[in-house]
Amino acid sequence: MRSRFLPGISLLVAIAAVIWGVGMREARNRYQAALEAGYQRAFYDLIDQVEQLQVVTGKALTAASAEQQIAHLAEIGFRAGAAQDALSRLPLKGINTSASRKFLAQMGDYANTLIRDRARGRELGAQERQQLARFEVETARLSRQLHGLESRLAGRGFRWAIAITTGIGRGTGMAQPRPVPGTASDLNAFSTMEERMQKLPALIYDGPFSDHREKERPRGLTGAPVSRERAAEIARRFVDLPAGAVYQPAGRPRDTSGRIAAFSVVLQQRNGAGQIYADVSRKGGHVVWYLNSRPVAAERLDTPAALDRARRFLESRGFRNMEAIQSAREDHALVFSFAPRQDGVLIYPDLVRVKVALDDGQVIGFDARQYLMAHHDRRLPQPRLSPDEARARANHGMDVQGVRLAVIPTAGGGEALAYEIRAKRGADAYLIFVNALTGREEDILKVVSAGGGRLTM
């Protein structure tokens, strides 16, 4: 009797296997189609935004009135950001596009800088017009290259999703009987564009993406150079570890380049899973940042408890008199931004970020890059405006909650002593910054609550 059923069972198993295989293939095909559609959309977004950048830059040069110039400059800023976003969504991991992304960032930032100048009554001079004209020429060139690439990819039947699996940026090493839709040679135009962008002259202006900003030296680095071995030991002692956990350096620390020269350290847990990545500055042995890769599966701590844990961590590592100014939720963790006080004045440029896991309060992330770039003993000037005079500069429709002094960063990489006016308009909260020396309104930030955090925008 048993043998009579075995063929039937085998047939059912075979049919089920076929159905499962067909279902998996259909699911994979749907996934690839969706992936391909997303990449195609990003590519055509990039083409469209670059093309419009050329057009609107020409309009900004043609406009005579301040209103029209500001409107077109604002559109340049928007479209440059959108082009950056589109470029970042393309799977180009094997191709360096840093110079192209930098060009787009500078173009948008330069336009925003000119908007601020025009709003303050300053005309566009010959130098500004020449730079806009150079932007117009380069975006026209970039647009032609992208359209040429579009034609070649269409003729080749190029598929981004296939290019991911075959390996963009590297060859297969095998002779192909016919062109494969998605190989490195199809994307040579991106490398050509990158080479062109790398040869552009340095752009110096009063903005955060100016080339002269990249050459600034970290002001917060103090002390003598440290060895690799010493850097690894500094990282091991600095990171937050639970009682009994033992982490050791995994290999020899590597050199890292950038605005803060550092040694890159990897700490591996002994007899257990989990790694911690950290950078320690070569000068002075300061921990620049670290990140614990362990997962955080549950949330047991509330925001006040996590904030208290972050404060105690900073104090134990020598960061004292710090005030939490912002928080954001990230994957069962809270990231707090702290700024120090000097003589009662809040110093916004010297930010430190601390990431606290909400399962046990462990500090799983730390970032002092802004602090190390900006921190120094400042000679703070005496305010020329009183708090009441600053309060009077706020819009009369605002409900002012408080006024205090702060040092804030300015667009050109400088700093300004300002009154921070905390105010509300209906249910919306704002921070209004009024220059304590000139009375000029420097900036306005909106305070928003999102996912248990408090952000400014």
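Treat the numbers as computed from the prediction; the structure is a model and nothing was measured.
- Listed for the S65 side chain is a donor-acceptor partner under 3.5 Å among the backbone atoms of Q68.
- When side chains are defined from C-beta on, Q342 counts as touching R378, because their heavy atoms get closer than 4.5 Å.
- If you take NE2 on H375 and CG on L351, they are separated by 13.0 Å, rounding to the nearest 0.5 Å.
- I325 approaches A339 most closely through the heavy-atom pair CD1-CB, 4.2 Å.
- No donor-acceptor contact under 3.5 angstrom links the side chains of Q362 and R309, judged on distance only.
- Taking CD1 of I276 as the reference point, atom OG of S293 lies at 7.5 Å (rounded to 0.5 Å).
- Of the charged side-chain nitrogens involved, at least one lies within less than 4.0 Å of a carboxylate oxygen, so that R341 and E323 count as a salt-bridged pair.
- The number of heavy atoms from other shown groups lying within 6.0 Å of CZ (R219) does not exceed 12.
- Looking at heavy atoms from C-beta onward, M107 lies in side-chain contact with L53 at the 4.5 angstrom threshold.
- Geometric assessment of R282 against the ring of F263 yields a positive cation-pi assignment under the 6.0 Å and 45° thresholds.
- Looking only at distances, a side-chain donor or acceptor of D367 sits under 3.5 Å from a matching main-chain atom of R369.
- The two residues V56 and H72 make their nearest non-hydrogen contact at CG2-O, 3.6 Å.
- Cation-pi contact between R422 and Y430: absent, since separation from the ring centre below 6.0 Å together with deviation from the ring axis within 45° is not met.
- Between E442 and R440 there is a salt bridge, since a side-chain N of the basic residue sits under 4.0 Å from a carboxylate O of the acidic one.
- Under a 4.0 Å N-O distance rule, the pair R122/E128 qualifies as a salt bridge.
- A salt bridge is defined here as a Lys NZ or Arg NE, NH1 or NH2 lying under 4.0 Å from an Asp or Glu carboxylate O, and K102 with D109 fails to meet this definition.
- One finds no salt bridge joining E123 and R129 here, because no Lys/Arg side-chain nitrogen approaches an Asp/Glu carboxylate oxygen to under 4.0 Å.
- The shortest side-chain heavy-atom distance between F433 and Y348 falls under the 4.5 Å cut-off.
- Contact of the D48 side chain with the F43 side chain is not registered, since no non-hydrogen atoms from C-beta on lie closer than 4.5 Å.
- Atom CZ of R254 sits about 10.0 Å away from atom CZ of R228, to the nearest 0.5 Å.
- The distance from atom CG of D360 to atom CG of L301, rounded to the nearest 0.5 Å, is 8.0 Å.
- Taking 4.0 Å as the cut-off between side-chain N and carboxylate O, R101 and D85 do not count as a salt-bridged pair.
- With contacts defined as side-chain heavy-atom distances shorter than 4.5 Å, the pair E136/L61 qualifies.
- The two residues A436 and L405 come nearest to each other via the heavy atoms CB-CD2, 4.0 Å.
- The pair E299-R329 meets the salt-bridge criterion, with a side-chain N (NZ, NE, NH1 or NH2) lying under 4.0 Å from an Asp/Glu carboxylate O.
- Between V239 and F366, every side-chain heavy-atom pair lies at or beyond the 4.5 Å cut-off.
- Between A231 and V280, the shortest heavy-atom contact is O-CG2, 3.6 Å.
- Of the possible polar contacts, one joining the H376 side chain to the A374 backbone as a donor-acceptor pair under 3.5 Å is found.
- Residue L385 comes nearest to G439 through the heavy atom pair CD2-CA, 3.7 Å, listed as atom of the first residue, atom of the second, then distance.
- Using modelled atom types, no side-chain atom of D428 and backbone atom of K424 make a donor-acceptor pair closer than 3.5 Å.
- Distance check: D279 CG to W289 CH2 gives 5.0 Å after rounding to the nearest 0.5 Å.
- R353 and Q370 form a side-chain donor-acceptor contact under 3.5 Å, judged by distance and modelled atom types alone.
- When ring centroids are compared, Y371 and F338 stay outside the 6.0 Å threshold.
- F313 has its ring centre no less than 6.0 Å from the ring centre of F319.
- R79 and E75 are joined by a salt bridge, as a carboxylate oxygen and a charged side-chain nitrogen come within less than 4.0 angstrom of each other.
- When atom types are taken as modelled, the side chain of T438 and the backbone of N435 share no donor-acceptor pair closer than 3.5 angstrom.
- Counting heavy atoms from C-beta outward, L87 and T97 have side chains that approach closer than 4.5 Å.
- Between I347 and P349, the closest side-chain pair of non-hydrogen atoms falls below 4.5 Å.
- Scanning all heavy atoms of the two residues, the minimum distance from P218 to I260 falls at CG-CG1, 3.8 Å.
- Checked by atom type and distance alone, the side chain of Y290 pairs as donor or acceptor with a backbone atom of D240 at under 3.5 Å.
- Residue-environment remark: CZ (R404) exceeds the threshold of 12 foreign heavy atoms within 6.0 Å.
- Put simply, NE2 on H332 and CD1 on I364 are 10.5 Å apart, with the number rounded to the nearest 0.5 Å.
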